[in-house]
Amino acid sequence: MYHCHTHFYLVGCQCKEFEVIKGMSPLDHFTHDFSESDRPEKSLASEADVILADVRKEDIKEAVQILTSDKREEAQLILLAGQEQTAHLAEEVLAKIQDIWITPVSDAQMRFYFLRWQQTYKMSKDFWETNHFLEATIDNIPNLVWYKDKNGIHEKVNNSFCATVNKTKEQVQGRGHAYIWDVEQDDPACIESEQEVMSKQQTFVS
């Protein structure tokens with residue numbers, strides 16, 4: 001099981017909601033630490049895994065610009081804002097924000113917001129771990145391994161598959177049989193076996 005240390009950067013002057021968040025326990029396998037400032041600071045934003053910014057007294061567009069200019073790509077930005085501030089945010093601003101928590105809220109509501117965030121964040125880390133396990137396993141199998149959707153599109157393949165078709169995973173994943181194998185049309189035998197697997201919902205050995 002992984003361990004995840006999460007650094008939060010809290011932006012806002014005497015924000016009672018932040019005190020609620022700091023008082024909540026991390027989930028299993030997580031630890032938290034916090035840095036704080038009254039106004040957005042680029043240097044602190046660049047070190048954070050999660051930025052929680054109270055922008056109720058700020059120009060929301062300007063605050064988002066400052067906080068996102070130096071933040072790491074994978075870091076999340078969550079705003080605490082009034083309903084009226086969010087009415088006319090442009091799409092390019094919204095695209096930089098992970099979430100907006102509309103205020104004012106009660107302590108119970110803030111605990112609910114943060115717990116839901118914790119659960120979603122943990123789910124993303126669980127997915128990363130599971131995907132890592134899967135790729136480490138299939139990439140060390142000499143046989144070709146591939147996963148397709150119901151339309152015959154390759155969702156995931158292993159290194160042996162890529163070596164055989166002389167293409168990268170980026171080239172293969174998201175594409176169909178004909179492109180991958182450099183033929184004019186999909187193989188009827190493949191289509192037939194895939195249909196049998198889906199209809200019977202069990203392993204088919206060809």
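- Under a 4.0 Å N-O distance rule, the pair Lys22/Glu19 qualifies as a salt bridge.
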Practice prompt. Please report the C-alpha distance between Phe18 and Phe114 in whole Å, then the side-chain angles of each, then the deciding distance to 0.1 Å, and finally whether the ring pair (Phe, Tyr, Trp, His ring centres under 6.0 Å) criterion is met.
Written response: CA-CA 10 Å; Phe18 291 162; Phe114 191 65; over 10 Å; no

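- Once rounded to the nearest 0.5 Å, the distance linking CD of Gln118 with CE of Met123 reads 13.0 Å.
- Not one N or O on the side chain of Lys148 forms a donor-acceptor pair closer than 3.5 Å with the backbone of Glu155.
- For the atom pair CD1 of Ile21 and CG of Leu10, the computed distance is 6.5 Å after rounding to the nearest 0.5 Å.
- At least one side-chain heavy atom of Phe30 sits less than 4.5 Å from a side-chain heavy atom of Tyr121.
- The CG atom of Leu44 lies 7.0 Å from the NE2 atom of His7; values are rounded to the nearest 0.5 Å.
- Counting heavy atoms from C-beta on, the side chains of Gln173 and Val157 come closer than 4.5 Å.
- Here the CG-NZ distance, from Leu79 to Lys96, works out to 12.0 Å after rounding to the nearest 0.5 Å.
- The pair Lys156-Glu135 meets the salt-bridge criterion, with a side-chain N (NZ, NE, NH1 or NH2) lying under 4.0 Å from an Asp/Glu carboxylate O.
- Of the possible donor and acceptor atoms, one in the side chain of Ser160 sits under 3.5 Å from a partner among the backbone N and O of Ile141.
- In this structure, CD in Glu92 is found 8.0 Å from NZ in Lys61, a value given to the nearest 0.5 Å.
- The line from CE of Met110 to CG of Leu115 is 12.5 Å long, rounded to the nearest 0.5 Å.
- Taking the charged nitrogens against the carboxylate oxygens, Lys167 and Asp182 do have a contact shorter than 4.0 Å, which makes a salt bridge.
- The backbone N or O of Ala75 lies less than 3.5 Å from a partner atom in the side chain of Lys71, making a donor-acceptor pair.
- Without hydrogens or angle criteria, Ser46 side chain to Ser43 main chain gives a donor-acceptor distance under 3.5 Å.
- Checked against Ile138 for a side-chain contact (heavy atoms from CB on, under 4.5 Å), the options Trp146, Phe133, Phe161, Tyr147 give a single hit: Tyr147.
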Practice prompt. Take Arg72 and Glu47 through the salt bridge (charged side-chain N to carboxylate O under 4.0 Å, His left out) test and state the conclusion after the steps.
Written response: CA-CA 8 Å; Arg72 293 179 294 111; Glu47 299 172 354; over 6 Å; no

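- Residues Arg39 and Glu58 are paired through a salt bridge, judged by an N-O separation under 4.0 Å between the basic side chain and the carboxylate.
- Relative ring orientation between His32 and Phe34 is described as perpendicular, the plane-to-plane angle rising above 60° on a 0-90° scale split at 30° and 60°.
- His29 places no side-chain N or O within donor-acceptor distance of the main-chain N or O of His3, the cut-off being under 3.5 Å.
- Asp54 and Lys16 are not joined by a salt bridge, as no carboxylate oxygen comes within less than 4.0 angstrom of a charged side-chain nitrogen.
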